[in-house]
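Just follow the structure's listing: the first ligand is 1, and inside any ligand the first atom is 1. Residue numbers count from 1 along this sequence.
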Amino acid sequence: MSVEKKDLDWGNLSFSYQPTDYSYVSEWRDGAWDEGGLTTDHSITLSECAGIFHYCQEVFEGLKAYTTEDGSIVAFRPDLNAERMHDSAARLEMPPFPKERFIEAVREVVAANAAWVPPYGSGASLYVRPFMIGSGEVIGVAPAPSYHFHILVTPVGPYFKGGLKPIKLKIASYDRAAPHGTGNIKAGLNYAMSLKPTMDAHRTGFAENLYLDSESRTFVEETGGANVLFVTADGTLVVPQSHTDSILPSITRRSLVQVARDLGITVDERPVEWAEVKSGAFVECGLCGTAAVISPVGEIHEGDAVVSFPGGHDEMGPVMTRLRETLTGIQDGALEDKHGWVFKIA
Ligand SMILES: *Cc1c(COP(=O)(O)O)cnc(C)c1O
């Protein structure tokens with residue numbers, strides 16, 4: 001079934017919010033989630049004493065729905081978003097939204113907004129943002145007595161408008177995540193305190209900060225919103241791990257690791273010292289996340305010192321390019337989806 005698409009300039013969308021026809025809502029009260037459903041109301045009315053405003057109980061997810069070559073509307077691995085949001089909620093003493101219901105809610109809200117899903121080839125997608133907040137009143141420090149689960153969707157253009165030019169990072173002088181803290185969950189609280197470092201980085205000509213582990217300032221962790229990947233001269237994909245469980249488990253990263261193995265690329269998942277990066281051990285570097293899949297990194301600065309990645313300094317290097325093209329090929333339906341990652345919605 002095909003729907004009449006909205007009259008948008010699909011090739012020139014920015015990465016910004018515009019309301020669509022429907023959002024999805026469900027409420028948790030008296031110990032249970034209600035049946036939930038679609039709504040045309042894109043606002044939320046809350047008490048001034050709602051938990052979210054005082055003790056920051058909020059978790060979120062981000063995934064894309066898009067049109068494949070054969071015209072189907074699909075999402076990529078929504079089961080992993082469901083699982084991750086479950087873990088994020090549990091860490092903040094929020095009632096997890098059941099995984100099967102999460103997937104069904106994504107399906108329902110995307111299908112209802114089919115007219116807003118950008119056509120194949122536009123480079124754009126329908127960004128799906130599930131989130132949950134403590135909505136019940138709480139004044140003493142405690143979990144809220146009730147919760148809202150909400151999914152908004154909005155059509156967005158490519159995250160990096162200028163295409164895939166390698167970006168520059170700086171080593172952050174701030175920390176992102178405490179050891180064994182909340183760095184491994186997707187919560188707004190991790191972003192609030194990264195805004196100043198991010199804006200400082202932008203003001204000084206950098207795209208992002210690369211954070212080191214805050215316990216020892218020795219190991220590379222990730223940026224504010226993307227995991228990091230390296231490639232050695234012999235073509236091994238090196239994926240930083242955290243001793244202190246403070247790296248967000250990116251779905252894109254986990255998918256790229258599998259893609260690399262499928263392509264016969266050796267994958268080494270281990271802690272990576274910043275000193276090793278500085279020593280010139282890596283020829284390519286990239287950031288990965290849903291929005292851009294892989295963004296190539298050309299340089300990392302630490303004060304006056306510059307680490308340059310010779311295999312991908314002026315344009316994306318060959319290994320990152322191969323990984324990115326393979327994953328986007330699977331997503332678009334041009335390559336075989338042998339792991340069953342592409343979830344058909346309509
Ligand atoms: C969302 C996020 C990522 C990327 O995760 P994906 O599932 O690949 O989109 C990486 N780091 C942080 C801190 C994030 O919040």
Side-chain angles (χ1 to χ4, degrees), residues 15 56 58-66 75-89 91-92 99 102-103 106 125-132 151 156 158-160 167 169 172 174-179 181-195 197-198 201 207-214 219-230 237 239-242 244-260 269 272 285-295 297 320 323-324 326-328 330-331 339 341-343:
F15 202 91
C56 213
E58 190 266 0
V59 296
F60 69 99
E61 275 302 325
L63 66 158
K64 296 192 281 200
Y66 53 94
F76 187 70
R77 308 189 77 178
D79 52 316
L80 294 191
N81 297 98
E83 257 169 41
R84 191 169 61 188
M85 193 165 182
H86 193 282
D87 296 346
S88 297
R91 176 65 177 80
L92 298 190
K99 291 176 207 170
F102 177 103
I103 297 168
V106 167
S125 57
L126 188 73
Y127 187 72
V128 180
R129 166 58 61 86
F131 62 98
M132 195 198 294
I151 306 178
V156 294
Y159 199 69
F160 290 106
I167 56 176
L169 309 181
Y174 295 90
D175 293 319
R176 190 190 83 89
T182 56
N184 61 349
I185 63 165
K186 214 164 172 72
L189 56 88
N190 289 327
Y191 278 81
M193 53 72 183
S194 77
L195 294 175
T198 300
E208 260 293 355
N209 288 287
L210 180 62
Y211 293 93
L212 303 182
D213 78 288
S214 55
F219 298 97
V220 170
E221 292 209 319
E222 62 171 319
T223 67
N227 284 183
V228 61
L229 305 169
F230 297 100
L237 181 70
V239 183
Q241 276 183 343
S242 166
T244 52
D245 203 10
S246 35
I247 295 177
L248 195 281
S250 158
I251 294 165
T252 314
R253 183 249 297 169
R254 288 180 275 164
S255 304
L256 288 166
V257 162
Q258 183 63 53
V259 162
E269 296 186 89
V272 174
C285 177
L287 302 182
C288 64
T290 294
V293 183
I294 297 181
S295 327
V297 175
M320 294 293 173
L323 290 173
R324 186 173 195 281
T326 307
L327 187 60
T328 56
I330 294 168
Q331 291 180 335
H339 301 290
W341 289 343
V342 177
F343 176 76

Of the side chain and backbone of N227, name the one, both, or neither that has a heavy atom under 4.0 Å from an atom of ligand 1.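 The part of N227 near ligand 1 is both the backbone and the side chain.
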
Pair Y66, F76 - check ring-ring contact (aromatic ring centres under 6.0 Å, His included), show working. CA-CA 9 Å; Y66 53 94; F76 187 70; 7.7 Å; no

Closest to atom 14 (C) of ligand 1 (judged by heavy-atom distance), picking from E61, K186, E222: K186

Nearest heavy atom to atom 13 (C) of ligand 1 wins, so pick from E221, R253, R176. R176

L169 and L287: side-chain contact (heavy atoms from CB on, under 4.5 Å), yes or no, with the steps? CA-CA 10 Å; L169 309 181; L287 302 182; 4.1 Å; yes

Which atoms of ligand 1 sit under 4.0 Å from any heavy atom of [X]?
| X | result |
| --- | --- |
| G289 | 4 (C), 8 (O), 9 (O) |
| R84 | 5 (O), 6 (P), 7 (O) |
| A226 | 10 (C), 11 (N) |

Under 3.5 Å, is there a donor on one side chain and an acceptor on the other for N190 and T182?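 Yes.
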
Decide if the gap between the ring center of Y174 and the ring center of Y211 is smaller than 6.0 angstrom. no

Nearest neighbour in protein (non-hydrogen) for [atom]:
| atom | value |
| --- | --- |
| atom 9 (O) of ligand 1 | T290 OG1, 2.6 Å |
| atom 3 (C) of ligand 1 | G225 O, 3.4 Å |
| atom 15 (O) of ligand 1 | Y191 OH, 2.5 Å |

Using a 3.5 Å cut-off on N or O atoms only, is [X] in polar contact with ligand 1?
| X | answer |
| --- | --- |
| T223 | no |
| G224 | no |
| S250 | yes |

Rounded to the nearest 0.5 Å, how far apart are SG of C288 and CE of M320? 8.5 Å

Side-chain touch V272/V239, heavy atoms, less than 4.5 angstrom: no

For N81 and F60, what are the C-alpha separation, side-chain angles and deciding distance, and is it a side-chain contact (heavy atoms from CB on, under 4.5 Å)? CA-CA 9 Å; N81 297 98; F60 69 99; over 6 Å; no

Pick from R77, R84, R129: which one makes a salt bridge (charged side-chain N to carboxylate O under 4.0 Å, His left out) with E61?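 It is R84; the other options fail the test.
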
